[in-house]
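These notes are about the structure you will find just below.
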Amino acid sequence: MKAPTSMQILEQKLAHRLDSVRQTRTKTSLVHLHTWVGEHLSLLGIPTQHLDMCVEILEHMSDMKIIWLHLQECSGCTESLLRTQNPSFETLLFDIFRIEYHDTLMMSSGYQATQVLESAVQNEHYILLVEGSVPMEGAQNYLTIGERNGYEDLCHIAQNAQAVFAIGTCSSYGGVQSAAPNPSRSHALSEVLNREVIHIPGCPPSDKNIIATLLYYYLFLESPALDNLHRPLWAYGKSVHDLCERKGAFLSGKFAQDFNDEGMQEGYCLYKVGCKGPYAYNNCPKVQFNAKTSWPVRAGHGCIACSEPNFWDNFGALESPMSKQSFFTYQSKCMPKPKNTPTLLSHSLKTREAKQEFLTQHNLSKCLFVESSPESSAMYLYADGALTQILTLNFETNPKLLLQSIQSKNKQGQSLYQNYCKTFGDNAAWIDSLEETSVMSANLYDALKSALMLFGVREANATDLLKLAKECRFPYVSPFGLKLKQESIQQVGQGERAIGYNWNFAKALSVALAYCVGGLDVYGLSYSLAREVVDMFVEVAKEQDCAVVFEGEIFTHFLVIESHMAHTTYLVDL
Ligand code: FSX
Ligand code: SF4
Ligand code: F3S
């Protein structure tokens, strides 16, 4: 029998929920719901053919209450939600989500307010939304509401809540309050509560991200699919950069040089004045703020990655690109941990026998081996205890031809080349003076060396790139989009097949070149390139559904350990 598709599963879940609410809850008819529910369903990726079912489920949810707690924060999250339109905040408050208790918005105060809270907690049909971080470790009493401190209040209310949502970066990851030296010992909710917390980060998050995620919960009584930082993928699955209206300017090498630059008005990219959009995962360009009026980059300031953990500490100077000079400090708290720790092996698996022994030892029926040294690179795919497939690469490495290919691709490439020449005139002239002969290679080391030449390090080899990569102090990869594309499968011998992989190195380099023109320093460029080479093979292993073993200095331990998140990766020293 064919497995049901994700859409069929979704439909079944909705039908089941509708059945269940019809039997257990009372219906309150709500008017004018269809338009906004429809809009939010499309944000969530739920087909609008299910609109009627969804509206009816919502109409049965009037006994669900919301308790909104304020801990250490600036109330920006509430401000963001207050500015919502279609539906208005009043409609949300009174008709749909029924906010029963809200520290700053409710009319009642003191004893009366505490009574409202207590009776909601006793009722048990409530969801807890928390704005702000939790002071701990001797600093708990800095935040005291009535008789309880913030931590006690949180634990008391979270205990019976059907779900807990962290609204904003403060409650999701600690936020500004927990920035070094963290005088109030601020913590994220998930660090102090022993239960699942759904994160809606952003300082503040958009009204849409709050409302649509709540809507999903009301419809399914479960959280939508989350990423490894517990953020809903529908909202935080893509980077700000990927959705940005200035991305065309970025790829064309058009960067505002400072805030007085005329390019600011012409839509030039803000990377050089500090935009961290490539490292921030959020849908701000799409849903925007203040009833879809604007968002940070449109308003003329770079993204400060406000929805990422430790953004205040970890992204360096706000108005400069990542560089050695702009780095302050790095906090690892709340950062995702690799799921499997790679095993560091000290012997070489160079021979076919050694590889087969490795497979037997680790009880693997399939494995990708990637080896690279200054002399050669090779990739083998072993399956069923024997060598069955070899992966092959072949790419151009002459920097002059690489630049020509970037330039001749399209208008963006042409403009990028011109801006590269403007920014790195000497280096561009030197590359232009090189011979025009094609130099094809299958060795990754040659690729890294050509990239370094384009980044302005002329007398270098690939090992230098790794040294530079290790000196980069930011742990964030600037995504160049390195990707191996499977092209052909050929029979190369008795029972042996070769899979041909095409590596469009020039294409990935053009993105790297844009970062280079935008002011990312050579350390950041080298780090991103080395990490992306590793990730590229981890992706192939995922496609092939097998483990991957790296062999050679290119895949130094820190690169591998950080780059693979959910895949079995082994590192082998030469
Ligand atoms: Fe402020 Fe909310 Fe930032 Fe924090 O938003 S906008 S400090 S995320 O908790 O109030
Ligand atoms: Fe937009 Fe910033 Fe990316 Fe430039 S770097 S395209 S301004 S998100
Ligand atoms: Fe924050 Fe960047 Fe969006 S600063 S609001 S994540 S554009």
Side-chain angles (χ1 to χ4, degrees), residues 68-83 103-104 129-134 143 150 165-179 184 186 188-189 199-210 231 235-236 238-256 263-264 266-290 294-309 311-312 315 318-319 321-322 412 476 478-479 511 514-515 517-520:
W68 184 301
L69 207 60
H70 283 250
L71 300 179
Q72 290 192 124
E73 38 68 43
C74 75
S75 295
C77 308
T78 293
E79 292 286 349
S80 173
L81 187 60
L82 279 172
R83 275 154 193 70
D103 281 333
T104 54
L129 268 58
V130 181
E131 181 176 352
S133 59
V134 201
L143 174 72
F165 284 68
I167 304 292
T169 301
C170 301
S171 50
S172 299
Y173 310 124
V176 177
Q177 284 72 233
S178 73
S184 60
S186 283
L189 250 55
H199 295 158
I200 315 285
C203 191
S206 67
D207 52 333
K208 293 289 171 217
N209 287 0
I210 304 172
R231 311 176 281 202
Y236 300 88
K238 285 197 175 137
S239 72
V240 168
H241 179 66
D242 277 338
L243 300 168
C244 181
E245 59 228 30
R246 300 194 190 212
K247 192 161 178 208
F250 171 89
L251 293 169
S252 310
K254 292 180 180 166
F255 294 97
M264 286 296 280
E266 285 167 41
Y268 278 25
C269 169
L270 306 182
Y271 191 80
K272 209 163 194 164
V273 289
C275 182
K276 307 295 185 304
Y279 320 102
Y281 287 80
N282 205 342
N283 55 359
C284 316
K286 188 173 167 189
V287 299
Q288 304 176 36
F289 293 83
N290 296 336
S294 189
W295 68 286
V297 167
R298 185 169 304 167
H301 196 282
C303 163
I304 60 170
C306 78
S307 51
E308 294 299 312
F311 75 99
W312 202 253
F315 289 89
L318 286 183
E319 292 175 353
M322 286 179 175
Q412 268 179 357
Y476 302 97
S478 303
V511 181
Y515 279 101
V517 177
L520 179 63

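Note that ligands are numbered from 1 as they come in the structure, with each ligand's atoms numbered from 1 the same way.
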Give the residue, atom name and distance (to 0.1 Å) of the protein heavy atom nearest [atom].
| atom | answer |
| --- | --- |
| atom 4 (S) of ligand 3 | Ile304 N, 3.2 Å |
| atom 5 (S) of ligand 2 | Cys269 SG, 3.5 Å |
| atom 8 (S) of ligand 2 | His241 CA, 3.5 Å |
| atom 2 (Fe) of ligand 3 | Cys303 SG, 2.3 Å |
| atom 9 (O) of ligand 1 | Glu73 CB, 3.1 Å |
| atom 7 (S) of ligand 1 | Cys170 SG, 3.3 Å |
| atom 1 (Fe) of ligand 3 | Cys306 SG, 2.3 Å |
| atom 2 (Fe) of ligand 2 | Cys275 SG, 2.3 Å |
| atom 3 (Fe) of ligand 3 | Cys284 SG, 2.3 Å |

Please identify which atoms of ligand 2 are closer than 4.0 Å to at least one heavy atom of [X].
| X | result |
| --- | --- |
| Gly277 | 8 (S) |
| Leu270 | 4 (Fe), 7 (S) |
| Lys247 | 6 (S) |

For a quick test of reading the model, state the closest non-hydrogen atom pair linking [X] to [Y] and the distance between them.
| X | Y | value |
| --- | --- | --- |
| Asp207 | Gln288 | OD1-O, 4.2 Å |
| Ala280 | Ala305 | CB-CA, 3.7 Å |
| Asn290 | Arg83 | OD1-CD, 3.0 Å |
| Pro296 | Phe289 | CD-CE1, 4.2 Å |
| Cys303 | Val297 | N-CG2, 3.9 Å |

Can you sort out which atoms of ligand 3 are near [X], meaning under 4.0 Å from one of its heavy atoms?
| X | answer |
| --- | --- |
| Trp295 | 7 (S) |
| Phe289 | 5 (S) |
| Pro296 | 5 (S), 7 (S) |

Would you say the ring centers of [X] and [Y] fall short of 6.0 Å from each other?
| X | Y | answer |
| --- | --- | --- |
| Phe255 | Phe250 | yes |
| Tyr173 | Phe311 | no |
| Tyr271 | His241 | no |

Strictly under 4.0 Å, does any heavy atom of Ser307 approach an atom of ligand 3?
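For ligand 3, residue contact (heavy atoms, under 4.0 Å) with Ser307 is present.
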Under a heavy-atom criterion of less than 4.0 Å, does Phe311 contact ligand 3?
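Contact absent.
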Should [X] and [Y] count as side-chain neighbours, where that means a heavy-atom distance under 4.5 Å?
| X | Y | result |
| --- | --- | --- |
| Trp68 | Leu81 | yes |
| Arg246 | Leu270 | yes |
| Thr78 | His70 | yes |
| Tyr515 | Pro479 | yes |
| Pro205 | Cys77 | yes |
| Asn209 | Tyr236 | yes |
| Leu520 | Pro321 | no |
| Asp242 | Lys247 | yes |

Check Ala305 against ligand 3 and report side chain, backbone, both or neither, counting heavy atoms closer than 4.0 Å.
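Answer for Ala305: backbone.
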Should the proximity of Asn282 to ligand 3, defined as any heavy atom under 4.0 Å, be assigned to the side chain, the backbone, both, or neither?
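For Asn282, the contact with ligand 3 is made by the side chain alone.
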Got a sec: is Cys244 within less than 2.8 Å of atom 4 (Fe) of ligand 2 via an N/O/S atom?
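It does not: Cys244 brings no N, O or S atom closer than 2.8 Å to atom 4 (Fe) of ligand 2.
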Relative to the heavy atoms of [X], which atoms of ligand 1 are at a distance of less than 4.0 Å?
| X | result |
| --- | --- |
| Ser75 | 10 (O) |
| Thr169 | 8 (S) |
| Cys74 | 1 (Fe), 6 (S), 7 (S), 10 (O) |
| Gly202 | 8 (S) |

I'd like to know whether ligand 1 has Gly132 as a neighbour, heavy-atom separation below 4.0 Å.
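Right, Gly132 reaches ligand 1.
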Are any of the N or O atoms of Glu131 closer than 3.5 Å to those of ligand 1?
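Among all N and O atoms of Glu131, at least one is under 3.5 Å from an N or O of ligand 1.
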Specify side chain, backbone, both or neither for Cys203, according to which of its non-hydrogen atoms lie closer than 4.0 Å to ligand 1.
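Cys203 to ligand 1: contacts from backbone and side chain alike.
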2.8 Å cut-off met by an N, O or S atom of Cys77 to atom 2 (Fe) of ligand 1
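Given the 2.8 Å cut-off, Cys77 counts as a ligand of atom 2 (Fe) of ligand 1.
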